[in-house]
Amino acid sequence: MPELPEVETIRRLVERHLVGRALETVEVRLPKLLRDSPFPSLDPLLGRSITGARRRAKILIVDWSGDLSLLVHFKLSGQLAIEHAGTDRVVAGHPVPDPHGPYPHRATHVIFGFAGGNTVYFSDVRQFGWLRLMPTARAEEVVESFGFGPEAVGHDSIELHDMAARLARRRIAIKTALLNQQVMAGLGNIYVDEALHRAAIHPGRPANLLRPAELVRLHAAISWSLERGIEQGGAKIVHNRAYPKDGFPQVHGRAGEPCVTCSAPITKIRVGARGTYFCHRCQPA
DNA sequence: TGCGTTGTTTCACC
DNA sequence: CGGTGAAACAACGC
């Protein structure tokens, strides 16, 4: 579930709470999460400090002293919790395990202990996420090798004409095109639905057939939905239902609930084998 | 208990 | 080579 806004929220937490902290202990309870990691263990981080946290697409890049970088992908259900002195806790990413419940949880797979009393818990119910440790120079190459398109939001995000050009050569459903990280980077199933609803575009429309006015609306709607998500610290979807009951996300996870624009009930369909929510009145085929 | 779940990769094919 | 569409995969909850 973590898409760009959730990963960006985690990045900001790492930046705010952990930069300059030295790592004293690390426990990897589920080593398979390090699959494909150039360094097969996180022990090389012991004694080193976090120098910064970056993000590219949905990948978190944590930079450490000694020119090491830890790449983290949260996939469907990754979550990071940062606790200070066993009391104050900030949590971002997937809403399970319960941010207010006890840690470590049985889905907690990595525990970092920092000087100064910070404990960090990486949890992942589905275990689809991964961590990869490598020299920073190699991290740049690895991130590059993913071939991500421009960022979907932010100061250097994709420009309208670039987005239009990239969509013009795809005949697939606009939703499917926007989920492709090589077209643009950061959108996932939740924010795509939000952006298309905001732009009043049916998710199944062929990407190359959008009219200029629709492209303008879509470009603005993508930034809007991702910014709303970041503002809110991420989206909360539990058992296919959106929370809070009235709020953002406005369509994803709200089958049967009234459209915020026209009050017609939100419909759930499948587009490219993905659960897709939209308003049949605001987003005509 | 088999299906749904999502981000991503892989594959055959045009 | 690049776009397409389908299938596969990760593992768990319901």
Practice problem: Treating Ile, Leu, Val, Met, Phe, Trp and Tyr as nodes and any side-chain heavy-atom pair under 4.5 angstrom as an edge, say whether A:Ile230 and A:Val192 lie in one connected cluster. | Solution: yes
Quiz item: How about A:Glu159: does its CD atom have over 12 heavy atoms from other parts shown lying under 6.0 Å from it?
Solution: no
Quiz item: Do A:Leu34 and A:Leu71 share a hydrophobic cluster, counting only Ile, Leu, Val, Met, Phe, Trp and Tyr and linking them when any side-chain heavy atoms are less than 4.5 Å apart?
Solution: no
Quiz item: Ion pair present between A:Glu257 and A:Arg241, side-chain N to carboxylate O less than 4.0 angstrom?
Solution: yes
Quiz item: What about the rings of A:Phe122 and A:His109, do their centers lie closer together than 6.0 Å?
Solution: no
Quiz item: Is it true that A:Leu60 and A:Val90 fall in one hydrophobic cluster, defined by side-chain heavy atoms closer than 4.5 Å?
Solution: yes
Exercise. Scan A:Lys268 against the nucleic acid and name what it touches under 4.0 Å (heavy atoms): base, sugar-phosphate only, or nothing.
Key: sugar-phosphate
Quiz item: Just to confirm, is there a sub-4.0 Å distance from OP1 or OP2 of B:dT8 to any side-chain nitrogen or oxygen of A:His73?
Solution: yes
Practice problem: Indicate whether OP1 or OP2 belonging to B:dT6 is found under 4.0 Å from a side-chain N or O atom of A:Lys58. | Solution: no
Practice problem: Answer yes if the side chains of A:Ser69 and A:Asp63 hold a donor-acceptor pair under 3.5 Å, and no otherwise. | Solution: yes
Quiz item: More than 12 foreign heavy atoms under 6.0 Å from CG of A:Asp246: is that the case here?
Solution: no
Practice problem: Do nucleotides 9-14 of chain B as a string where each nucleotide becomes B, S or -: B if the base has a protein heavy atom under 4.0 Å, S if just the sugar-phosphate does, - if no protein is that close. | Solution: S-----
Quiz item: Does the distance from a Lys or Arg side-chain N to an Asp or Glu carboxylate O, for A:Glu27 and A:Arg29, drop under 4.0 Å?
Solution: yes
Exercise. Have a look at the helix from B:dG2-C:dC14 to B:dC14-C:dG2 and give the angle its two end axes make, five pairs each, rounded to 10 degrees.
Key: 40°
Quiz prompt | Where protein sits on nucleotides 4-14 of chain C, one letter per nucleotide: B base, S sugar-phosphate only, - none, heavy atoms under 4.0 Å | solution = SS----BBBSS
Quiz item: For the pair made of CG in A:Leu178 and C1' in B:dT8, what is the distance, rounded to whole Å?
Solution: 16 Å
Practice problem: For B:dT5, take OP1 and OP2 only and decide whether either is under 4.0 Å from a side-chain N or O of A:Asn240. | Solution: yes
Exercise. Would you indicate what A:Arg166 reaches in the nucleic acid, counting non-hydrogen atoms under 4.0 angstrom: base, sugar-phosphate, or nothing?
Key: nothing
Quiz prompt | Separation of atom NE2 in A:His252 from atom P in B:dG4, rounded to whole Å | solution = 16 Å
